Amino acid sequence: MTPRAGRIIGNYELGELIGRGGASEVYAGEHRFLRHPVAVKLLRGELGADDPPLDAFLGEAARARAVQHPGVVAVLDFGRDEESGRCYLVMERIPGESLAARLARAGRLDEEKVRQLGAALADGMQAAHDGGIVHRDLKPANVMLSGEQPTIVDFGLARDLGGHSALETGRRVGTPAYMAPEQLTGGLIAPCV
């Protein structure tokens with residue numbers, strides 16, 4: 001069941017649905033008292049407390065929170081809604097559009113813009129790698145653009161090299177068109193050093 005706009009989850013009032021994935025939905029939201037804009041990611045209601053997606057959701061919160069960099073979405077809060085029992089992850093709301101939406105709307109980017117975006121994304125990914133985190137699903141849909149500044153989002157498939165990914169099933173995870181070759185072939189996944 002999709003929550004209605006105006007629904008309260010923890011200290012956050014939900015607005016419009018702004019994204020949907022396999023196990024979650026993302027809403028524009030606002031802190032009820034501070035009126036600060038946020039994005040609220042809710043685990044789908046039909047997933048039970050013992051499902052692997054819940055473990056992945058908890059892991060995503062911890063991994064994304066561990067990376068402190070202006071080019072990586074900031075995680076602000078995590079909790080479980082008392083009324084519905086659904087877990088939620090609260091992040092900074094990035095104004096703008098995804099890189100995927102920009103490409104669909106404007107078409108191919110010029111070479112200089114690609115260089116600038118690539119360098120900024122590499123800085124954000126290096127911060128994750130420095131913390132032992134490999135994203136594993138970096139693609140245009142997981143890059144938000146606020147003006148021309150890219151921000152990496154969605155650490156749901158990320159792997160913490162000090163531990164494991166909650167979605168380890170012996171199969172490949174991620175979007176094949178954007179996977180690293182070693183990820184496609186089942187080889188070692190390691191950060192750049």
Side-chain angles (χ1 to χ4, degrees), residues 12 18-21 23-31 34 36-42 56-78 88-163 165-167 173-183 189-193:
Y12 305 93
I18 56 176
R20 179 176 283 139
S24 61
E25 300 165 331
V26 180
Y27 293 84
E30 187 174 77
H31 192 282
L34 302 177
H36 182 75
V38 295
V40 180
K41 187 173 188 176
L42 288 170
F57 199 65
L58 291 167
E60 174 182 1
R63 287 186 297 274
R65 180 83 177 143
V67 181
Q68 302 292 311
H69 187 275
V72 175
V73 68
V75 172
L76 307 173
D77 198 1
F78 184 86
Y88 61 91
L89 171 64
V90 181
M91 301 162 285
E92 67 178 314
R93 188 181 331 160
I94 311 294
E97 62 187 340
S98 71
L99 178 55
R102 169 82 54 90
L103 292 169
R105 180 179 55 75
R108 179 183 234 163
L109 302 176
D110 67 57
E111 186 177 335
E112 182 58 31
K113 176 58 54 200
V114 171
R115 274 196 209 108
Q116 291 170 355
L117 284 173
L121 290 170
D123 283 346
M125 292 305 297
Q126 187 63 54
H129 293 175
D130 289 347
I133 308 240
V134 179
H135 190 283
R136 297 199 304 177
D137 200 27
L138 186 61
K139 59 186 177 184
N142 288 338
V143 174
M144 291 298 297
L145 297 174
S146 181
E148 300 304 316
Q149 176 61 41
T151 302
I152 301 164
V153 300
D154 196 350
F155 280 74
L157 298 180
R159 180 183 172 108
D160 179 349
L161 296 178
S165 165
L167 287 179
V173 294
T175 306
Y178 298 98
M179 285 182 176
E182 63 273 18
Q183 194 174 350
I189 298 172
C192 300
V193 288

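None of these values were measured; they are calculated from a predicted model.
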Taking every heavy atom of I133 against every heavy atom of H129, the minimum-distance pair comes out as O-CD2, 3.1 Å

NE2 (H36) and CG (L76) are apart, to the nearest 0.5 Å, by 6.0 Å

When rounded to the nearest 0.5 Å, the distance separating CE of M144 from CG of D154 is 12.0 Å

The reported gap from CD in Q126 to CG in L121 (rounded to nearest 0.5 angstrom) is 13.0 Å

Between A28 and R93 the two heavy atoms that sit nearest each other are CB-CZ, 3.9 Å

- Message: Is it the case that the side chain of R102 and the backbone of E97 share a donor-acceptor pair, with hydrogens and angles ignored and the cut-off at 3.5 Å?
- Response: no

Output for pair (F78 CZ, L58 CG), nearest 0.5 Å, gives 4.0 Å

Between I94 and S146 the two heavy atoms that sit nearest each other are CG2-CB, 4.0 Å

**Message:** Donor-acceptor check, side chain of N142 to backbone of D137, threshold 3.5 angstrom: yes or no?
**Reply:** yes

Give a yes or no on whether the backbone of V153 and the side-chain of H135 come within a donor-acceptor separation of less than 3.5 Å. yes

Distance col, row E30:CD vs Y12:OH, nearest 0.5 angstrom, shows 11.5 Å

Residue set satisfying side-chain contact (heavy atoms from CB on, under 4.5 Å) with E111, at least two apart, ordered chain then number -> R115

Separation between CD1 (I152) and NZ (K139), nearest 0.5 Å, reads 14.0 Å

When every non-hydrogen atom of G124 is compared with those of V72, the smallest separation belongs to O-CG2, 3.7 Å

Heavy-atom nearest pair, V143 first then P150, reads CG1-CB, 3.8 Å

With a 3.5 Å distance limit and no angle check, can you tell me whether E148 reaches the backbone of L145 through a side-chain donor-acceptor pair?
no

Closest non-hydrogen atoms of T151 and V73, given as atom of the first, atom of the second and distance, are CG2-N, 3.4 Å

message = For the CZ atom on R108, are there more than 12 heavy atoms of other groups (residues, nucleotides or ligands in this structure) within a distance under 6.0 Å?
response = no

Please check if the side chain of S98 supplies one atom and the backbone of A101 the other of a donor-acceptor pair under 3.5 Å.
yes

